[in-house]
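Here is the structure we will look at, set down as structure tokens.
Each ligand, and each atom within it, is numbered from 1 in the order the structure gives. In this text the structure is predicted, and so the values were computed from the model without any measurement. Residue numbers count from 1 along this sequence.
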Amino acid sequence: MTEPFADSDSNAWQDLLRRMLPAGAPLPDDEQLDYSIAVEYKGPPLDFPVPVVDPLSSQHTLQKPPKYRKVPSVHSKFALHMTKNSSGSGSGSSSSASRLRNNSSSEFESKIPTDQSLSDLNNSGNVLTSDIDENVENEYEHDDDRYNSVARNEYNSLRSDYVDGKSLPVGEKDGKNDSLGDKVRVRVCSRCGKKSRLREREFCIVCGARYCRNCLLKAMGSMPEGRKCVGCIGETIDEANREKLGKCSRLLAKVCSPLEVKQIMKAESECLANQIQPEQVWVNGRPLREEELVELLGCAMSPQNLRPGKYWYDKDSGLWGKEGEKPDRIISSKLNVGGKLQIDASKGNTKVFINGREITKVEFRVLKLAKVQCQQGTHFWVYEDGSYEEEGQNNIRGNIWGKASTRFICSLFSLPVPPANVHGPKEDATAFSGGSIPEYLEHGRVQKLLLFGLEGSGTSTIFKQVKFMSKSKFTVDEVQNIKLTIQRNIYRYLSVLLEGREHFEEEALMDKGTSDLERENLSPVNSGETGTDGSRRCIYSINQRVKHFSDWLLEIIAMGDLDAFFPAATREYAPVVDEIWRDPAIQETYKRRGELHFLPDTANYFLDQALEISSNEYEPSERDILYAEGVTPSNGLASLEFSFDDHSPMSEIYGEDLESQPSWTKYQLIRISSKGVHDSGKWLEMFEDVKVVVFCVALSDYDLEWTRGDGTSENKMLASRDVFESLARHSSFEDASFVLLLNKYDSFEDKINQVPLTVCDWFHDFRPFRHRQNNQALANQAYYYVAVMFKQLYASITGKKLFVWPTRALERTSVDETFRYIREVLMWEEEKKRMYCMADDDSYSSTETD
Ligand SMILES: Nc1nc2c(ncn2[C@@H]2O[C@H](COP(=O)(O)OP(=O)(O)OP(=O)(O)O)[C@@H](O)[C@H]2O)c(=O)[nH]1
Ligand SMILES: [Ca+2]
């Protein structure tokens with residue numbers, strides 16, 4: 001079940017309804033230091049020199065004339081001044097306020113994800129699939145050039161490192177490739193002996209001879225078997241090149257026509273001589289025979305892109321994997337290939353067996369999520385359709401792939417599932433807004449992006465923005481659910497205010513009337529009640545009618561019955577809500593919302609519209625959805641899929657390089673709630689093929705306190721840093737790139753002049769430039785400083801570079817930019833790998849690195 005009150009933001013300080021100033025973005029990239037926090041400055045023109053920020057050098061210059069960002073006019077309407085108070089509310093009061101306080105934490109706080117909550121994902125209605133909307137894309141086209149320049153700078157710097165043969169800059173090296181820079185040399189054409197630039201050459205897939213542009217066709221002729229020297233035709237290829245078969249290079253595309261290229265590539269990947277040889281493929285402990293390989297490659301669901309290697313195959317279920325590893329895919333069952341499946345084929349240690357193979361930890365967890373009873377020592381038989389039974393009992397117990405949730409979880413954890421038409425009844429597939437899971441998801445042909453952040457950092461907002469930008473908007477059902485959530489939330493916000501009011505009233509009366517109290521010798525328990533009877537009043541006092549409603553509402557919330565009444569009773573009580581919200585005592589209470597832990601920044605936005613929202617005809621606007629809490633489940637995982645269908649801004653760089661990443665690549669955005677991060681150990685290790693970890697930090701959190709699970713508290717920025725650090729150290733993400741989003745840049749700008757950055761211990765040596773400057777310039781410096789602190793931390797842990805980007809998650813454009821940036825990072829990392837790869841398989845420089 002979804003938990004609509006699971007969302008709690010302690011950082012009530014920020015108010016998203018405050019005025020949105022023209023955006024001042026950070027200074028442009030510093031190429032020298034290779035800090036890719038490159039963004040174009042968009043604030044107002046500066047009337048002073050751009051400051052030099054230690055520890056950056058003085059390379060900052062503005063790349064473009066500054067311009068103003070469009071300010072969405074709607075926001076200014078809600079401009080509001082507020083007092084900020086981040087101290088926690090006092091405790092130790094009596095009455096229903098404290099009675100509620102205990103209960104409210106369990107009521108409002110997110111649940112720790114459990115096997116249960118994950119397996120209930122299908123009920124959450126938040127498993128979404130979509131594609132980026134063309135219209136949205138077009139709106140931001142003008143921003144592309146910036147990304148081009150970011151990418152191009154990095155690309156060029158890497159490229160020059162190669163060409164000049166110097167080693168890579170510190171921070172670009174990661175373990176394995178440390179000495180790479182020294183090994184790479186300028187290549188010499190095997191035919192003419194002339195030196196040429198690294199990428200301007202083609203090589204023979206058999207012998208590795210390299211040819212320059214002038215010699216290529218002379219050395220390779222018409223290429224009937226693809227790129228082989230004429231003398232190598234008929235020979236088997238060097239296996240290291242198998243992955244490159246059929247993928248055209250830049251140089252080839254330059255010397256041949258597109259039609260020729262197509263023919264050559266087809267011949268290269270399909271001609272007999274280039275095919276894998278049976279003895280190169282071992283299945284269940286022995287090499288294949290010719291006819292076995294034919295059967296394997298010719299079956300209906302054959303292992304695609306089969307490479308030489310040792311595999312295991314479970315012919316009953318069709319599961320297939322690399323020796324010693326978890327299942328990788330499902331192929332046709334009942335093939336007569338290889339030896340007998342070994343018990344330790346996948347090196348599992350779970351004491352649970354499927355078709356005689358001890359399964360791996362990941363499989364075990366998925367079975368548990370699928371509610372398959374599996375004690376240690378259980379032996380299952382699983383058939384090709386996913387139906388299973390316990391060994392020795394002639395009784396089918398269910399279908400493993402039957403549940404859409406299981407298939408979804410498998411897709412997250414990169415376990416194979418059979419194609420949709422093979423598996424059993426699609427009982428709950430409709431629970432996923434996108435219908436059943438697309439095939440490419442199930443087969444892992446999607447780039448996984450993992451989105452993390454401490455509570456209140458904005459991950460939900462980012463997730464929703466991506467959803468809005470995607471083609472498949474929220475479905476009718478989803479919107480209906482959101483509507484109910486919003487209607488219910490109103491009562492929750494109201495209850496927080498009423499509870500706070502009670503508390504403040506008590507406090508005020510205590511202060512005012514300590515002496516009264518002593519004289520009357522009343523117990524404090526009763527003082528709250530006497531406060532409302534008119535005899536003793538303060539600004540927090542309310543009339544009897546409101547008091548009745550308040551008692552009732554707080555009571556049902558304390559009993560955990562809110563769901564039972566709302567949203568059903570929404571309309572009936574709407575006028576009361578409206579009245580209470582406008583009550584001066586409540587408005588006074590609202591002014592102290594910094595002390596009200598469970599009141600989100602958006603409460604006033606919704607309470608202001610209580611009447612409209614409560615009507616039957618109410619339809620949540622996009623903004624309502626964006627501001628609403630509890631739309632994305634905060635107690636587990638949510639996932640959505642998107643792609644950019646525009647042309648890649650990198651296309652210029654990749655040029656005609658046909659093997660480069662196609663622009664239609666699909667991305668899967670997986671969001672794990674902050675609670676999921678704390679409880680993470682067991683989940684994180686299952687996300688092993690994540691490409692990018694997107695870590696979201698609210699910049700404006702630097703002066704906020706964060707209460708940990710154990711009740712102790714610390715600065716929220718430090719808490720974020722700790723979670724960030726634990727992710728950076730996590731073995732699952734060794735190969736992933738990290739992108740740090742410094743979110744709530746708008747709040748940050750507002751705050752930075754009032755509260756010095758140094759209130760956070762970690763930033764104690766931040767020394768802003770002394771002369772007078774506006775918020776934007778100061779925010780800029782502070783942003784850079786924070787980014788560098790994170791970069792240094794990350795580099796000290798991983799030796800790698802951290803990518804940093806500023807965001808304002810409430811602005812669609814900003815989120816769009818963010819994901820374009822993330823895509824750049826991805827493409828850039830791929831390109832880097834590709835270049836390492838080319839250097840590695842070079843015949844004269846490969847003194848093996850691993
Ligand atoms: N001013 C401002 N507010 C933001 C920004 N991004 C998010 N918020 C608000 O900050 C609050 C917390 O954001 P959420 O999206 O709920 O973030 P979250 O807490 O990480 O997500 P959950 O764990 O699902 O609650 C919400 O009230 C957002 O509307 C931003 O860039 N600027
Ligand atoms: Ca939240």
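Within ligand 1, the atoms closer than 4.0 Å to a non-hydrogen atom of R808 are 31 (O), numbered from 1 in the order shown. Ligand 1 places these atoms under 4.0 Å from at least one heavy atom of E455: 19 (O). Applying the 4.0 Å criterion to heavy atoms of S747 picks out, from ligand 1, the atoms 1 (N), 2 (C). Per-residue contacts place L454 under 4.0 angstrom from the following atoms of ligand 1 (heavy atoms of the residue considered): 20 (O). Close approach of ligand 1 to D746 (heavy-atom distance below 4.0 Å) involves ligand atoms 1 (N), 2 (C), 30 (C), 31 (O), 32 (N).
The distance criterion of under 3.5 Å between nitrogen or oxygen atoms is not met by Y627 with respect to ligand 1. For the pair T602 and ligand 1, the shortest N or O to N or O distance does not fall below 3.5 Å. Among the atoms of T807, none of the N or O lies under 3.5 angstrom from an N or O of ligand 1.
A salt bridge links E725 to R729: one of the charged nitrogens lies within less than 4.0 Å of a carboxylate oxygen.
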request  = Apply side-chain hydrogen bond (donor to acceptor under 3.5 Å, both in side chains) to the pair D624 and Y605, showing each step before the final yes or no.
outcome  = CA-CA 9 Å; D624 294 352; Y605 172 79; 2.4 Å; yes

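Note: F738 and Y794 have tilted aromatic rings, judged against thresholds of 30 and 60 degrees for the angle between ring planes.
Ring centroid separation for the pair F790 and F695 does not come in under the 6.0 Å cut-off.
No donor-acceptor contact under 3.5 angstrom links the side chains of T813 and R808, judged on distance only.
Heavy-atom contacts from other residues, nucleotides or ligands closer than 6.0 Å to CD of E619 number 12 or fewer.
For the pair K751 and Y702, the cation-pi criterion (under 6.0 Å, within 45° of the ring axis) is fulfilled. Taking the ring centre of Y590 as origin, the terminal cationic atom of R593 falls inside the region bounded by 6.0 Å and 45° from the ring axis.
Every heavy atom of P600 sits 4.0 Å or more from the atoms of ligand 1. The closest approach between any non-hydrogen atom of R671 and ligand 1 is below 4.0 Å.
Between the choices A628, G458, C696, the shortest heavy-atom distance to atom 13 (O) of ligand 1 belongs to G458. Closest heavy-atom approach to atom 21 (O) of ligand 1 within the set S460, S700, P806, A809: this belongs to S460. The option from A603, G456, G453 that lies nearest to atom 18 (P) of ligand 1, judged by heavy atoms, is G456. Between the choices T461, L699, V697, T459, the shortest heavy-atom distance to atom 15 (O) of ligand 1 belongs to T461.
For the ring-ring contact (aromatic ring centres under 6.0 Å, His included) criterion with F766, the lone passing option out of Y784, Y785, Y783 is Y785.
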